Protein chains: 2
Amino acid sequence: MRLVIARCSVDYIGRLRAHLPLATRLLMVKADGSVLIHSDGGSYKPLNWMSPPATLRVAEPETEDAESGVQEVWHVQHAKSDDRLVISIHEHLHEYSHDLGVDPGLVKDGVEADLQRLLAEQIDRLGPGHTLVRREYMTAIGPVDILARNADGGTVAVELKRRGDIDGVEQLTRYLELLNRDPLLAPVKGIFAAQQIKPQARVLATDRGIACLTLDYDEMRGVDDADSRLF
Amino acid sequence: MRLVIARCSVDYIGRLRAHLPLATRLLMVKADGSVLIHSDGGSYKPLNWMSPPATLRVAEPETEDAESGVQEVWHVQHAKSDDRLVISIHEHLHEYSHDLGVDPGLVKDGVEADLQRLLAEQIDRLGPGHTLVRREYMTAIGPVDILARNADGGTVAVELKRRGDIDGVEQLTRYLELLNRDPLLAPVKGIFAAQQIKPQARVLATDRGIACLTLDYDEMRGVDDADSRLF
DNA sequence: CCTTGCATGTCGCCC
DNA sequence: GGGCGACGTGCAAGG
């Protein structure tokens, strides 16, 4: 990894055009050729960047640019598209390189899979008398998060989200359309379950006869912990 | 901005839990307290991070950690939530600080808003005789990008995307469904306009009686520039 | 301040 | 390589 602090201006031309006026920034060149341009604020997203794989070519400035103070020009070219980044360096303030090696990578714990497991274990949160058929019920267009039966023996399809928005309702609608073509399952009711459900999603779901269920993750985990304590 | 190259392990606890095993990485501490942990590959997303505003507290390692080689522990605490990052530093390999100042920020050209403005100005690209009703026409389920009338006085709803995908067609379909319930507007025709339209999206749109329109942004901007030159 | 929808989204999975 | 779904999504604009 190569780190450069420089006064520079930057132009990106590719999926759109973007320009950064002259200022002091951090340029990070990674081993795979990707380049990140960071300021001293904002979140983790750089001001501008080039995704890997890319190649960096350093050139002398055009006469006009040289006269306006450009010392060197970095041409960063994406290997597979015609996206490119042009970095005009006016002043080189610091330079450092270090070989970091390959990273062992991130280990995550506690994502949506947990919510799904908890709801499957506490299936009566769908309503009294519900029984679990199975999680990740496969269909031709993808897996239904949870398939269950209600007290009357009717089939219920559950789409589970951490944050419930319109896309999730569309997703569940597609599943319901498909499942309702199966005479062994039809009629299939839909339940849209999420920790938080956006108003527009709730309107759309209700309009389509899909029930909404807000889940309290902490409460569900609490029940799970209480269950675990029995062993 | 403070840059540190260090052998470290990292733990994040907040909306989920995540762990990075011991390896050599770049730690970037920004002026607003945010921290980024980068490896020498991947795209612009760090392996782990803390968003601003946050505070960094450096502590001595617990006895047990010290015995396993930890020299110092960074506690990065988010100011508004209880998200936190714990960075256990085993070896400090490089350190550099530089005040970058405030960045003037990125200037973008070619995002959806630009495309929408140009299409509204050049509304006859929808076909001869079209007139603009308004941009961002509000409905209960969200704003229709452009509402227009065609030569026959019929209403036309336009969904605009930089890249036309299936979900864009779904979005327009929802708007059309809703708009067609309004007797003052019905029947409403749909036009799916994008710089690039994916084959599957085109098929779906056509199947639903929605017209597809491919937009040439450079050409549209060229017309705009030509107009501007008149003044 | 909260909600909403775009993003050069990125990332990982499966086909 | 494309489609699909999740993300600690981030981010800005608008009510």
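In what follows, chains carry the letters A, B, and so on, assigned in the order in which the sequence lines appear, proteins first and then strands, with residues in each chain numbered from 1. We use all heavy atoms of the structure for the numbers below, so side chains are in, but hydrogens, waters and symmetry mates are not. Here the structure is a predicted model, which is why all the values come from computation and not from measurement.
Summarising the geometry, the separation between CE on M138(B) and P on dG15(D) is reported as 8 Å, rounded to the nearest angstrom. One atom, CZ of R135(B), and another, C1' of dG5(C), lie 15 Å apart when rounded to the nearest Å. Atom CE in M50(B) sits about 13 Å away from atom P in dG8(D), given to the nearest Å. Here the C1' atom of nucleotide dG9(C) and the OH atom of Y12(A) are 11 Å apart, to the nearest Å. Distance L16(A) CG to dC11(D) P: 16 Å, rounded to the nearest Å. The nearest whole Å value for the distance from the NE2 atom in H78(A) to the P atom in dG9(C) is 12 Å. Separating the CG atom of D145(A) from the P atom of dC4(D) is a distance of 16 Å, rounded to the nearest angstrom. Between the CG atom of L36(B) and the C1' atom of dT10(C) there is a distance of 15 Å, rounded to whole Å.
Considering only side-chain atoms of Q171(B), the nucleotide from dT10(C), dC6(C), dA6(D) that sits closest is dC6(C). Distances were taken from every side-chain heavy atom of R174(A) (C-beta onward) to each of dG5(D), dG3(D), dG8(D); the shortest belongs to dG5(D). When distances are taken from the side chain of D83(B) to each of dT10(C), dA6(D), dG8(D), the shortest belongs to dG8(D).
Across the interface with DNA chain C, nearest-nucleotide mapping of K80(B) and R163(B) shows K80(B) to be the residue nearer the 5′ end. Mapped onto DNA chain D by nearest heavy atom, D165(B) and L85(B) fall at different nucleotides, with D165(B) at the one closer to the 5' end.
Going from atom CE of M220(B) over to atom CG of L115(B) covers 5.5 Å, rounded to the nearest 0.5 Å. Summarising the geometry, atom CD1 belonging to I197(B) is positioned 12.0 Å from atom CG belonging to L204(B); distances are rounded to the nearest 0.5 Å.
Proximity of R162(B) to the phosphate of dG5(C): no side-chain N or O atom is located under 4.0 Å from OP1 or OP2. For R15(A) and dG9(C), the shortest distance from a side-chain N or O to OP1 or OP2 is below 4.0 Å. Remark: K161(B) is in phosphate contact with dC6(C), judged by side-chain N or O atoms under 4.0 Å from OP1 or OP2. Under 4.0 angstrom from either OP1 or OP2 of dG5(D) there lies at least one side-chain N or O belonging to Y175(A). The side chain of K198(B) contributes an N or O atom lying less than 4.0 Å from OP1 or OP2 of dG3(D). Using a 4.0 Å cut-off, no side-chain N or O of S43(B) falls inside it from OP1 or OP2 of dG9(C). Not one side-chain nitrogen or oxygen of W49(A) sits closer than 4.0 Å to the OP1 or OP2 atom of dG9(C).
For DNA chain C, the neighbouring residues in residues 107-119 of chain B, judged by any heavy atom under 4.0 Å, are K108(B), V111(B), E112(B).
At the heavy-atom level, Y44(A) lies under 4.0 Å from the strands shown only through sugar-phosphate atoms. Within the nucleic acid shown, G42(A) has no heavy atom closer than 4.0 Å to any nucleic acid atom.
A salt bridge links R17(A) with D218(B): the distance from a Lys NZ or Arg NE/NH1/NH2 to an Asp or Glu carboxylate oxygen falls below 4.0 Å.
Counting heavy atoms of neighbouring residues, nucleotides and ligands inside a 6.0 Å radius, atom CZ of R163(B) does not exceed 12 of them. For K189(A), the NZ atom is loosely surrounded, since the number of other residues' heavy atoms within 6.0 Å does not exceed 12. More than 12 heavy atoms of other shown residues, nucleotides or ligands fall within 6.0 angstrom of atom CZ in R2(A).
The separation of dG8(D) from dG5(C), taken at their P atoms, amounts to 22 Å, rounded to a whole angstrom. Look at the P atom in both dC7(D) and dA7(C): the space between them is 22 Å, to the nearest Å. Using P as the reference atom, dC11(D) and dC11(C) are 15 Å apart when rounded to the nearest Å.
Between L106(B) and Y12(A) the shortest side-chain heavy-atom distance does not fall below 4.5 Å. Using a 4.5 Å cut-off on side-chain heavy atoms (C-beta onward), R135(B) and R117(B) make contact.
The only member of V203(B), L172(B), T173(B), L176(B) that meets side chain to side chain contact (heavy atoms under 4.5 Å, CB included) when paired with R208(B) is T173(B).
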